[in-house]
There are 2 protein chains.
Amino acid sequence: MHPATQMIREILDVSAEFEGHLGRELSVNPTDLAAMEHLIQSGPLAPSELARRLHITPPAVTASVDRLEAVGHVLRTHDAGDRRRIVITASQASTAQAMGVLMPMIRDVDRVIESFDADQQAAITRYLDQVLVAYRSHIPSDGSA
Amino acid sequence: MHPATQMIREILDVSAEFEGHLGRELSVNPTDLAAMEHLIQSGPLAPSELARRLHITPPAVTASVDRLEAVGHVLRTHDAGDRRRIVITASQASTAQAMGVLMPMIRDVDRVIESFDADQQAAITRYLDQVLVAYRSHIPSDGSA
DNA sequence: ATCCATTACTTAAAGAGGTGAACTATTCGA
DNA sequence: TCGAATAGTTCACCTCTTTAAGTAATGGAT
């Protein structure tokens with residue numbers, strides 16, 4: 001196995017550790033953390049959308065949002081137009097708290113590539129893109145339809 | 001966020017999907033899959049070592065090994081020298097089954113870097129190494145002692 | 001040589017989180 | 001306006017995990 005391939009695997013491990021750290025920081029379980037990440041990344045979302053993204057069922061989302069709401073991490077609001085619909089919003093304070101952990105890490109990772117010249121940066125970007133392609137080619141395309 | 005940084009994040013997502021695929025292939029839950037991966041990667045391990053690596057408690061390992069043993073994925077053997085100790089070994093057939101999914105993916109990812117010239121390969125490798133360093137610098141060094 | 005503390009794993013009871021099925025409220029097309 | 005569809009929730013049940021207690025084996029101190 002090429003050192004680069006091995007390092008990608010190590011990045012996966014380190015990333016998992018980082019998630020654990022962030023989860024402890026916000027005092028939430030992995031599912032609730034994943035929900036928070038989507039809400040912070042994408043803005044307010046419907047429970048059904050969270051269910052789709054987290055690969056869990058609607059009742060599990062209800063439970064997750066209950067937990068997050070109880071500790072003030074998110075807010076439930078009813079959609080004005082369609083009163084069946086609920087919108088989940090990450091609280092400002094919790095978003096800031098998560099950002100406080102995420103941003104410095106992202107900034108540092110982002111900074112790494114800047115120390116390479118344009119040609120090297122292009123190579124790195126193309127490499128990552130092709131790794132992504134290779135990875136994806138080994139995942140059966142869902143088939144849930 | 002630089003495209004490269006964004007792609008690393010996407011690799012994390014795709015990798016998670018791939019894990020799901022492998023788990024379905026072996027018909028095991030995420031915990032049991034993680035155990036299998038360690039056993040395949042590192043060879044026979046003690047339950048206590050699995051507990052340490054998977055960040056779960058010894059009873060959870062007992063349960064996991066019970067499940068894996070029941071479907072023939074692993075074998076429990078008593079250590080000859082110290083009869084308190086147990087050694088868990090991944091079965092030959094299950095290892096081959098997992099390899100059948102893993103190897104083609106690893107091979108393809110490994111192949112990606114070969115299409116770059118020596119200078120670019122060095123840049124890619126150094127980039128990944130520094131990303132790893134950056135990532136690690138944002139993880140509190142355990143502190144469980 | 002024999003205790004007693006320690007180590008390694010398991011069993012047991014209880015808790016957290018997930019799913020499928022059924023329920024409630026709301027919207028929308030015939 | 002009424003039946004079907006949609007969105008979210010409640011309910012019962014199941015799986016997996018943890019803490020606490022139990023069992024077996026080892027090993028150092030006497």
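Just so you know, these numbers come straight off a predicted model, no measurement behind them. Reminder, nothing fancy here: chain letters follow the sequence lines and each chain counts from 1. Only heavy atoms go into these numbers, but all of them, side chains included; no hydrogens, no water, no symmetry mates.
- The local environment of CE in A:M1 is crowded, with over 12 non-hydrogen atoms from other residues, nucleotides or ligands closer than 6.0 Å.
- Screening residues 4-13 of chain B for side chain to side chain donor-acceptor pair (under 3.5 Å) gives A:D110-B:T5, A:R136-B:E10 as the qualifying pairs, with residues at least two apart or on separate chains.
- For the pair A:H78 NE2 and D:dG8 P, the interatomic distance rounds to 11 Å; values are reported in whole Å.
- A heavy atom closer than 4.0 Å to some atom of DNA chain C occurs in B:R76, these being the qualifying members of residues 66-76 of chain B.
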What does the list of N/O pairs under 3.5 Å between the protein and nucleotides 20-28 of chain D look like, with a distance for each?
from, atom 1, to, atom 2, distance (Å)
D:dT26, OP1, B:R83, N, 3.0

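- Residues forming a side chain to side chain donor-acceptor pair (under 3.5 Å) with B:D82 (at least two apart in sequence, or on another chain): B:R84, B:R85.
- For the side chain to side chain donor-acceptor pair (under 3.5 Å) test, residues two or more places apart in sequence or in another chain that qualify with B:E69 are B:R76.
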Using distance only, find each side-chain donor-acceptor pair of residues 18-33 of chain B under 3.5 Å and give its atom names and separation, not counting sequence neighbours.
from, atom 1, to, atom 2, distance (Å)
B:N29, OD1, B:T31, N, 3.1
B:N29, OD1, B:D32, N, 2.8
B:D32, OD1, B:S64, OG, 2.7
B:D32, OD1, B:R67, NH2, 2.9
B:D32, OD2, B:R67, NE, 2.8

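- Residues passing the side chain to side chain donor-acceptor pair (under 3.5 Å) test with A:S42 are A:R53, sequence neighbours excluded.
- Applying the salt bridge (Lys or Arg N to Asp or Glu O under 4.0 Å) test to pairs two or more places apart or on separate chains, those with a residue in residues 111-132 of chain A are A:D108-A:R111.
- Scanning residues 39-56 of chain B for heavy-atom distances under 4.0 Å to DNA chain C yields B:A46, B:P47, B:S48.
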### Task
Check the pair B:I88, B:L45 against side-chain contact (heavy atoms from CB on, under 4.5 Å), reporting the backbone distance first and the verdict last.
CA-CA 5 Å; B:I88 316 298; B:L45 296 172; 5.6 Å; no

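- Both A:T57 and B:V65 sit near DNA chain C, but only B:V65 has its closest nucleotide nearer the 5' end.
- A single hydrophobic cluster is seen to contain both B:I40 and B:M105, as judged by linkage of ILVMFWY side chains at heavy-atom distances under 4.5 Å, directly or through other members.
- Checked against A:V65 for a side chain to side chain contact (heavy atoms under 4.5 Å, CB included), the options A:L75, A:V74, A:I86 give a single hit: A:V74.
- Applying the ring-ring contact (aromatic ring centres under 6.0 Å, His included) rule to B:F116 yields no partners; only residues at least two apart in sequence or on another chain are considered.
- Residue A:A60 is classed as a base contact, given a heavy-atom separation below 4.0 Å to a base.
- Taking hydrophobic clusters as Ile, Leu, Val, Met, Phe, Trp and Tyr residues chained together by side-chain heavy-atom distances below 4.5 Å, A:I8 does not share a cluster with A:V133.
- Residues meeting the side chain to side chain donor-acceptor pair (under 3.5 Å) test with B:R107, sequence neighbours left out: none.
- For DNA chain C, none of the residues of residues 18-33 of chain B falls under the heavy-atom distance limit of 4.0 Å.
- C:dA8 atom P lies 14 Å from atom CD1 of B:I88, rounded to whole Å.
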